[in-house]
Amino acid sequence: MAFLCKGFLRAVAKRGLSSKFVRTPFKSQRSLSSLDPLPNKLLQLPSSLIKSTLDSATRFPQDNPHFSWDSLLACLPSLSSDKARLVLEWKLEKMLKGNERDYDQYLYLMSLCAKIRNASLAMHVFTSMEIHGIKPTTSLFNSLIHACLSSKDTITALNLFEIMQSSEDYKPNDETYETFIIGFSSLGNTEAMKSWYSAKKVAGYCATLQTYESLVSGCIKAREFDGADRFYDEIKSTGIMPSETILENLLEGFCRRRRFNQVKEFIKSCLEVWQEISVKMAEEVVGLYLEHGKVEEMEELLSTVVESGQAVTLFSQVNSGIIRMYAALNRLDDVEYSVGRMLKQGLSFRCADDVEKVVCCYFREEAYDRLDLFLEHIKRSHKLAKSTYDLLVAGYRRAGLSQRLDTVIKDMELTGVR
């Protein structure tokens, strides 16, 4: 059966896999400075020297179980997809040469193939295992399907599913259906996503939290907002507690439909039930209110954030949105009140752009004395950016205020801004 599967897989690979995949190494949160120096060296080398360099690098921690291959791949720029492939090929060769029998090692390697969107390499890992007498399992098939869907190769993924259905040793399981649901959700193919959800239920498997995350996010991505609402109703009927990801997607749907009342009620509901909202949710609502000039709603949101004892970062986020809105409306008194409210909390401006919007408001109102006081207050907690100094120089020059212009230029020199 193994050799039959191997032959069929080779045929599938030949028929279904294209050599024109998008291969972009995914991003990692770890910085290069925290890694072994080898990844930095690999960045500078031509692809032809990658494997030999890995072979000769005595300090390369390939046997350290805590070493993150994700981080190694993250250091390879997106324009050098061949390097990511070569690193994984090198790892596979070492595993096979060392007669590695641990399925988890191969599963992890195939998951990395999915992350760099290289289905042909994942297929190579799979077939190499068979050649070396390592029998395939349902989990390995699932991982290969995931790699194919990540590479947008749905034909091969479906062919693999057919192989699993006709087998005795690696029948599709709950994870198989979940992989297709997640894959088609990511691809924005909601019809296929829903069909696989139905197939999962027909096969006797129940929806999980991850299932609903994929269904809701897939609908929102495809702008099928009513579908997302129906799945949310289904979540509530099953008694499953929705995740932060689901809540963020639902709120995005309300915002994109400009359902202001639903947005307000949804935020209140989240605070009542979960006692908090995420930074992403706050960003979504602040963006909606800014776009449509809903200043009263923004103030109400800030009151809600304060009353519910949310994190200081959320207060800062919402209050910054209020400052930007008042500045755009030239409501200088309200701008100054909001800035004072922020400073009393021990907070400062989140970015130079916010400062510059306020500065522009002062210039439009020709309130130069008040601008001086504003700058004096914020300098205690905020270092002015070069772009802000440039704005001040241009504004004072245009207004003919040579004394203030000289003061700003001297201040730039003292602070080392060039």
Side-chain angles (χ1 to χ4, degrees), residues 9 12-14 16-32 34-36 38-55 57 60-62 64-96 100 102-129 139-157 160 175 178-180 182-188 214:
L9 278 175
V12 168
K14 186 175 180 181
L17 289 174
S18 166
S19 61
K20 298 181 180 179
F21 291 121
V22 178
R23 299 187 181 114
T24 53
F26 71 105
K27 296 181 180 178
S28 170
Q29 294 180 344
R30 294 186 62 184
S31 64
L32 289 179
S34 66
L35 300 179
D36 187 274
L38 180 62
N40 289 309
K41 184 178 180 180
L42 295 180
L43 287 169
Q44 310 302 322
L45 292 173
S47 297
S48 60
L49 296 179
I50 294 297
K51 289 187 179 181
S52 59
T53 301
L54 291 173
D55 280 330
F60 188 69
Q62 66 268 27
N64 185 348
H66 301 293
F67 177 75
S68 172
W69 277 92
D70 293 357
S71 298
L72 177 59
L73 288 175
C75 82
L76 304 177
S78 58
L79 295 179
S80 299
S81 57
D82 274 352
K83 290 185 179 182
R85 174 183 58 80
L86 289 167
V87 169
L88 293 185
E89 281 185 358
W90 178 86
K91 178 63 174 176
L92 174 62
E93 290 163 7
K94 293 298 178 185
M95 289 169 60
L96 295 173
E100 178 64 65
D102 186 352
Y103 277 95
D104 288 340
Q105 294 293 320
Y106 291 100
L107 281 172
Y108 184 48
L109 193 58
M110 291 175 72
S111 73
L112 294 177
C113 294
K115 287 179 177 178
I116 65 170
R117 301 176 187 176
N118 194 325
S120 58
L121 182 55
M123 183 69 76
H124 177 54
V125 173
F126 191 102
T127 54
S128 295
M129 291 171 60
S139 294
L140 288 169
F141 266 95
N142 291 340
S143 188
L144 183 54
I145 289 171
H146 173 51
C148 291
L149 292 173
S150 297
S151 304
K152 302 181 181 180
D153 185 9
T154 58
I155 295 176
T156 302
L160 291 169
E175 184 188 351
E178 197 71 36
T179 300
F180 276 102
I182 294 171
F184 283 116
S185 172
S186 299
L187 292 173
S214 299

Legend entry - Sidechain-backbone polar pair: Ser150 side chain, Lys115 backbone, donor-acceptor under 3.5 Å: no
Legend entry - Main-chain N/O of Asp153 paired to Thr156 side chain as donor or acceptor, under 3.5 Å: no
Legend entry - Minimum side-chain heavy-atom gap Pro46-Leu49 below 4.5 Å: yes
Inset, instruction - Report the distance from atom CG of Leu88 to atom CD of Glu93, rounding to the nearest 0.5 Å. - result: 11.0 Å
Legend entry - All ring pair (Phe, Tyr, Trp, His ring centres under 6.0 Å) counterparts of Phe180, not counting sequence neighbours: Phe161, Trp196
Legend entry - Shortest non-hydrogen separation from Ala114 to Ala147 and the atoms involved: CB-CA, 3.7 Å
Legend entry - side-chain contact (heavy atoms from CB on, under 4.5 Å) evaluation trace for Leu86 with Ser47: CA-CA 8 Å; Leu86 289 167; Ser47 297; 3.8 Å; yes
Legend entry - Side-chain ion pair, Glu100 and Lys94, N-O less than 4.0 Å: no
Inset, instruction - Take Leu187 and Thr154, measure what side-chain contact (heavy atoms from CB on, under 4.5 Å) needs, and give me the verdict at the end. - result: CA-CA 10 Å; Leu187 292 173; Thr154 58; 4.0 Å; yes
Inset, instruction - Keeping the roles fixed (side chain from Ser111, backbone from Tyr108), state whether a donor-acceptor pair exists under 3.5 Å. - result: yes
Legend entry - Partners meeting side-chain contact (heavy atoms from CB on, under 4.5 Å) with Glu175 (sequence neighbours left out): Ser139, Asn142, Asn173, Thr179
Legend entry - Pairwise distance OG(Ser128) to CG(Leu109) - rounded to 0.5 angstrom: 9.5 Å
Inset, instruction - Carefully, step by step, assess Asp82 and Arg85 under the rule side-chain contact (heavy atoms from CB on, under 4.5 Å). - result: CA-CA 5 Å; Asp82 274 352; Arg85 174 183 58 80; 3.5 Å; yes
Inset, instruction - Would you name the heavy atoms of Met110 and Ala122 that are closest together and state the gap between them? - result: CE-O, 4.0 Å
Inset, instruction - Please round to the nearest 0.5 Å and tell me the distance separating atom CG of Leu140 and atom CG of Leu107. - result: 4.5 Å
Inset, instruction - To the nearest 0.5 angstrom, please state how far the OH atom of Tyr106 sits from the CE atom of Met95. - result: 4.5 Å
Legend entry - Between SG on residue Cys113 and NE2 on residue His124, distance to nearest 0.5 Å: 9.5 Å
Legend entry - Distance, nearest 0.5 Å, that separates CG of Leu160 from OG of Ser143: 11.0 Å
